[in-house]
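Chain identifiers are assigned alphabetically (A, B, ...) following the order of the sequence lines, protein sequences preceding nucleic acid strands; residue numbering begins at 1 within each chain.
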Amino acid sequence: MPLYALVDCNNFYASCERLFRPELKTRPVVVLSNNDGCVISRSAEAKALGIPMGAPAYQWEHVFRKQGIAVFSSNYALYGDLSNRVMSVLADMAPRVEQYSIDEAFLDISGIAEPLALCRAIRERVGRHTGIPVSVGIARTKTLAKLAARRAKKDASLGGVFDWTAAPDPEALLRETEAGDVWGLGRQCAKRLASRGVRTALDFVRLPADWVRKELTIVGLQTQLELKGVSCLSMTEAPAARRSVLCSRSFGQLIEEREHLREAVCAFAARAAEKLRAGGLEAQAVQTFVLTPRHRENLPQHQGQATTTLPGPTNFTPDIVAAALRGLDEAFRPGFSYQKAGVVLLGLESAVVRQASLLDLPPEERERRRALMRVVDGVNRRHGRGMLRLAISSAPDRPWHMRQHRRSPRYTTSWDELPRIGRKVQEARAAAAGTGPGNARRPF
Amino acid sequence: MRLRTNGLELLGPLDPADSGTTPKILLPLLLAGVQAGFPSPADDFIDKRLDLNEHLVPHPAATFFVRAVGDSMLGAGIHDGDLLVVDRAVEACAGRVVIAAIGGELTVKRLERKGDRMLLAPANPDYPSFDVSEREDFEIWGVVTHVIHKV
């Protein structure tokens, strides 16, 4: 019989921010999305203060200040590095690991003699080696493992690991779980279920399979079976092929000028094309979108988007940028203040196995373009992103660059930003005398 | 059974009867081709380059670099501005230089045991030692395994 474990990093971004700042261990911590927009990670203390996920930062600023909450801009260099460390410890200890997101991984532990002992050892080692606390849920199916990990996180008496297969009364556990909290159901689904009187995971399990299949498709049926302990979702070790490439960003300040938007869209399109080439892919269409800030009801709202079809599959930056800019001309309306723009590349296919077409450029020209892009990518890899770019895309001091006022140092990925440990003599004396800035601290 | 012939090393059973199945013979990678006479003296040097990571970072997932500030650990060879290699996978025991959290701050000190007391001791007579035996806000963060000092 299959057996899975889900390893879930507790409040991952907030935990990363705490690693080099022990004084934050008991303080509430929140991390804001790109551009300091809204709350995307909360420590347990911040949750207890009632700060919701997705809370817009500007609305909650007074609460942050009043409650002494430590607020951080997102620091993806740090989170990415610590995520890799966690995943590498998991890979050392478990036979098969499938990373599910930046802070979650499924382990296939079928046939392991003592799964509970292994998972406790994993939790202990990840914590000791990387400093990131994790919760582990063990179950016969991935969906139940998710629920088990939730429980492991919520109930402190479990010591961070919960084995669903050893639970004396699994039905009671399903009864305590809201249907909307089940992996694969989600809030939209939960609303539909609620209209049928289904509130808990147990109610959902008891629905007739025919109805579930008809109303919630095969995905709903799979979820139901998984909750009953029948494994439908196996380990998929190869990541699914990419369907699209997205590059978008919120701006540091609202943008009204078409020219500034053009620069931003051009940079996004160039970056997306670079991702495309890195994946050995070509795109057939380019979508451009622009958005005004949703939370500002007093501003006129506009969401514009336009898709441009390319004459043939390509990953040549000038083609993709030109298509994205044509899309922008359609999507843009004067008189609005835009907060976000993005470029999506669609209809991806492998650049190697492609069908020849009458519209194709002559082979010499294709090779010439490929060579040019290789040089551009090579230079940018060696000398930093954006070193070689189209003249239309801007220098990095433009207004649309991200706002990250409260980003912590890139402690683990930049030589100039390493954690500094210890104090200068004057500082230490001042602190010992209780006159310095750190007077609440020890005189080290 | 192992056999050496002309610089060729055969690993594994040579006699099929040994294993009962088709013998599996593992051949070592030959770097200079098969030749009679002396082995190429260059063989000894056809090796990958020395990588300092192997020496300094046996546990990559658990190793962090930090910058030392101040002179409280001069006696341990740690100068202001030095780079410290900190390995969280190494067990902290008395006598080792550690990064510890105390009073909400990270500090580098030597862990010392005096009878049943645990101390954080500087390696500089100008600084005092701290008894951390009963401190609830004390925690070992990692063990300093190397100091990288620019001369």
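For the atom pair CD (B:E105) and CD (A:E23), the distance works out to 8.0 Å, reported to the nearest 0.5 Å. With rounding to the nearest 0.5 Å, the separation of CD1 in A:I421 from CD1 in B:I78 is 10.5 Å. In this structure, CZ in A:R85 is found 13.0 Å from NE2 in B:H59, a value given to the nearest 0.5 Å. Atom CG in A:D416 sits 8.0 Å away from atom CZ in B:R67 (nearest 0.5 Å). We find the CZ-CD1 distance between A:R128 and B:I140 to be 12.0 Å, quoted to the nearest 0.5 Å.
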Trace of the side chain to side chain contact (heavy atoms under 4.5 Å, CB included) decision for B:L83 with A:L418: CA-CA 9 Å; B:L83 193 68; A:L418 295 182; 3.1 Å; yes
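Nearest heavy-atom pair across B:A61 and A:T130 is O-CG2, 4.1 Å.
Looking at heavy atoms from C-beta onward, A:P22 lies in side-chain contact with B:L106 at the 4.5 angstrom threshold.
In terms of non-hydrogen atom pairs under 4.5 Å with chain A, the most contact-rich of B:D126, B:D87, B:T63, B:I99 is B:T63.
Within 6.0 Å of CZ on B:R113 lie no more than 12 heavy atoms contributed by other residues, nucleotides or ligands. The environment of CZ in A:R406 is crowded: more than 12 heavy-atom neighbours from other residues, nucleotides or ligands sit within 6.0 Å.
Interface residue B:P60: only backbone heavy atoms are found under 4.5 Å from chain A. The contact between A:L82 and chain B is made entirely by side chain atoms (from C-beta outward), counting heavy-atom distances below 4.5 Å. For A:T412, the part lying near chain B is the side chain, with the backbone staying farther off; criterion is any non-hydrogen pair under 4.5 Å.
Ring geometry for A:F20 versus B:F64: interplanar angle over 60°, hence perpendicular rather than tilted (30 to 60°).
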